[in-house]
There are 2 protein chains.
Amino acid sequence: MYSTTEENYLKTIYKLQAQLGTFINTNAIADGVNTKAASVTDMVKKLSEKKLLSYEKYKGVQLTEKGKKVAVETLRKHRLWETFLHNQLGFTWDAVHDIAEQLEHIQSNELVEKLDAFLGFPSHDPHGDPIPGRNGVIKESNFILLSVLKKGEKGIISGVVNHSSLFLQHLEKNKLTLGKTITITEVSSFDLSMAALLEGKEKIQLSNEVVKNILIKKLA
Amino acid sequence: MYSTTEENYLKTIYKLQAQLGTFINTNAIADGVNTKAASVTDMVKKLSEKKLLSYEKYKGVQLTEKGKKVAVETLRKHRLWETFLHNQLGFTWDAVHDIAEQLEHIQSNELVEKLDAFLGFPSHDPHGDPIPGRNGVIKESNFILLSVLKKGEKGIISGVVNHSSLFLQHLEKNKLTLGKTITITEVSSFDLSMAALLEGKEKIQLSNEVVKNILIKKLA
DNA sequence: CTAATTTTTTAGACTAGCCTAAAAATATTT
DNA sequence: AAATATTTTTAGGCTAGTCTAAAAAATTAG
Ligand SMILES: [Mn+2]
Ligand SMILES: [Mn+2]
Ligand SMILES: [Mn+2]
Ligand SMILES: [Mn+2]
């Protein structure tokens, strides 16, 4: 139905819209899809022709409902494939993204639904991001930043803010993976770094840069 | 490394070469990749530039070792994905091909190897076709046509000659699926149709058109 | 409020793949 | 061996997506 390129544009605009507000400018899109602004202007005109977004010269771009639907479906596929790669094939969570970038463009509704069922209808991908349902609904999770925890409080690692390979590999190396319990034992008022217990036993030290990029589900 | 289109050309030429001999002509390729002869001439020149095949005007085309390698890798991916779709996701054997046509072009060696392991290093795909190994070696299976069996002989359904959806759906409907045992009880000398027992119990009648498109492993 | 800077759009050109129609080569009949 | 039919190649052109350089609009600074 839609080309790989079109889906990538829509997904990128969708994400930008979620984080920056309504009108998305050319440069931001160019950055997201890894092209030049001139190419974006071209493509945006075509997507506008197809009623996937509304475009006003020099003003920016906004997805239509139709465009949003395609974007969310692509996001759903991306996150389901990431889950497959991690949970079934054993890829580490920093390795799944690039392959899912390709897999998300495979066209077959039946495949998506069968994959979803096969995975047990997962609610979140390996980075803790919510997986949109078949209906397109995204259940926003109420995860909070690890950095807001106070001494004595604890939570379960449930996601990341920073998705870079570098960060994910750092977490992997330090066994800070999804599902692990962290208990804060000390917060430095100097550099905001935290001392904590991993799974209630192992003592670890976490920089502020790290803790403000980890999402947790707080435990009572 | 190579585009979807290039991989499709190479795979098609490889198959034609296996079944028709060495030099493959333009029209056969055009047919296989679903384009026009003029387009094939164009593409074949490019593939020749890249040393994936040798091409002589008006004479035809022949894969180089390099080209064969790419073709076999693509075939390997195709058949592994078909196996995944059938064995893990529960697709019927007539539905897997079209989706595998897309999946075979996903680029990631690690993915192929992990998928292979996940599937338990299968030797054959859901149509009974051998899956090339990581090394590129294809173990030819010694299956024979069901049509050569004589009264009283039996075998296990192990593959198909005709891969069309129509035929596969016909088999599916009649429960003639991979792994089932067939015992010949009668061969009509009039139309060569066969009477047989499925799994030693159910009586079935099979036209010659059907039995000459089923591959079996003969049982002692 | 004008001038300088930044952002966006236009213009023109490129590549991968594809197509049709015509020309050239090869194969088949007579 | 010539005539006819078939196959293959060339020529020219199209679309999707990309790029660079220049022009135009919008924003920011003085
Ligand atoms: Mn991702
Ligand atoms: Mn993710
Ligand atoms: Mn197939
Ligand atoms: Mn197959």
Side-chain angles (χ1 to χ4, degrees), chain A residues 1-13 16-17 19-63 67 70-71 74 101-102 104-107, chain B residues 1-13 16-17 19-63 67 70-71 74 101-102 104-107:
Chain A
M1 193 68 178
Y2 298 102
S3 74
T4 290
T5 309
E6 289 174 322
E7 288 184 347
N8 282 336
Y9 269 85
L10 294 171
K11 204 182 56 165
T12 296
I13 295 166
L16 288 168
Q17 227 168 292
Q19 100 188 48
L20 301 175
T22 47
F23 279 89
I24 304 305
N25 57 324
T26 308
N27 267 341
I29 300 171
D31 210 69
V33 298
N34 244 295
T35 37
K36 296 301 162 70
S39 309
V40 171
T41 303
D42 266 11
M43 177 55 91
V44 139
K45 282 180 187 166
K46 288 177 201 162
L47 295 174
S48 172
E49 282 299 311
K50 297 187 183 182
K51 308 284 183 207
L52 291 161
L53 49 78
S54 66
Y55 164 59
E56 223 176 316
K57 261 191 192 178
Y58 294 103
K59 263 196 141 178
V61 127
Q62 216 175 345
L63 292 187
V70 177
T74 307
E101 269 316 303
Q102 300 180 61
E104 72 188 1
H105 304 293
I106 302 292
Q107 313 221 276
Chain B
M1 193 66 179
Y2 297 102
S3 74
T4 290
T5 309
E6 289 173 322
E7 288 184 347
N8 282 336
Y9 269 85
L10 294 172
K11 204 182 55 164
T12 296
I13 295 166
L16 288 169
Q17 226 168 288
Q19 99 188 49
L20 301 176
T22 48
F23 280 90
I24 304 305
N25 57 326
T26 307
N27 267 342
I29 300 171
D31 210 69
V33 298
N34 242 293
T35 38
K36 298 300 162 71
S39 308
V40 171
T41 303
D42 266 13
M43 178 55 89
V44 140
K45 282 179 188 167
K46 289 177 201 163
L47 295 175
S48 171
E49 282 299 309
K50 297 187 182 181
K51 309 282 182 206
L52 292 161
L53 49 79
S54 65
Y55 164 58
E56 223 177 316
K57 264 191 189 178
Y58 295 103
K59 265 197 141 179
V61 127
Q62 216 175 344
L63 291 187
V70 177
T74 307
E101 266 320 299
Q102 299 179 63
E104 71 188 2
H105 304 293
I106 302 292
Q107 311 221 276

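Below, chains carry the letters A, B, ... as their sequence lines are ordered, and counting in each starts from 1.
Remark: A:Q19 CD is packed, more than 12 non-hydrogen atoms of other residues, nucleotides or ligands lying under 6.0 Å away.
Under the 4.0 Å criterion applied to side-chain N and carboxylate O atoms, A:E104 and A:K11 are assigned as salt-bridge partners. Checked for salt-bridge contact, A:E6 and A:K46 miss the test: no charged N lies under 4.0 Å from a carboxylate O.
Residue A:N27 has a polar side-chain atom (N or O) positioned under 4.0 Å from OP1 or OP2 of C:dT8. Between D:dT8 and B:N25, a contact under 4.0 Å exists linking OP1 or OP2 to a side-chain N or O.
In this structure a side-chain-to-backbone donor-acceptor pair under 3.5 Å is present from B:Q17 to B:L63.
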With B for base contact, S for sugar-phosphate-only contact and - for none (protein heavy atoms under 4.0 Å), nucleotides 9-23 of chain D reads BB-----SBBBB---

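For the pair A:D31 CG and C:dT8 P, the computed distance is 12 Å after rounding to whole Å.
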Begin with the C-alpha distance, continue with both residues' side-chain angles, and end with the deciding distance and a verdict on side chain to side chain contact (heavy atoms under 4.5 Å, CB included) for B:L47 and B:Y55. CA-CA 9 Å; B:L47 295 175; B:Y55 164 58; over 6 Å; no

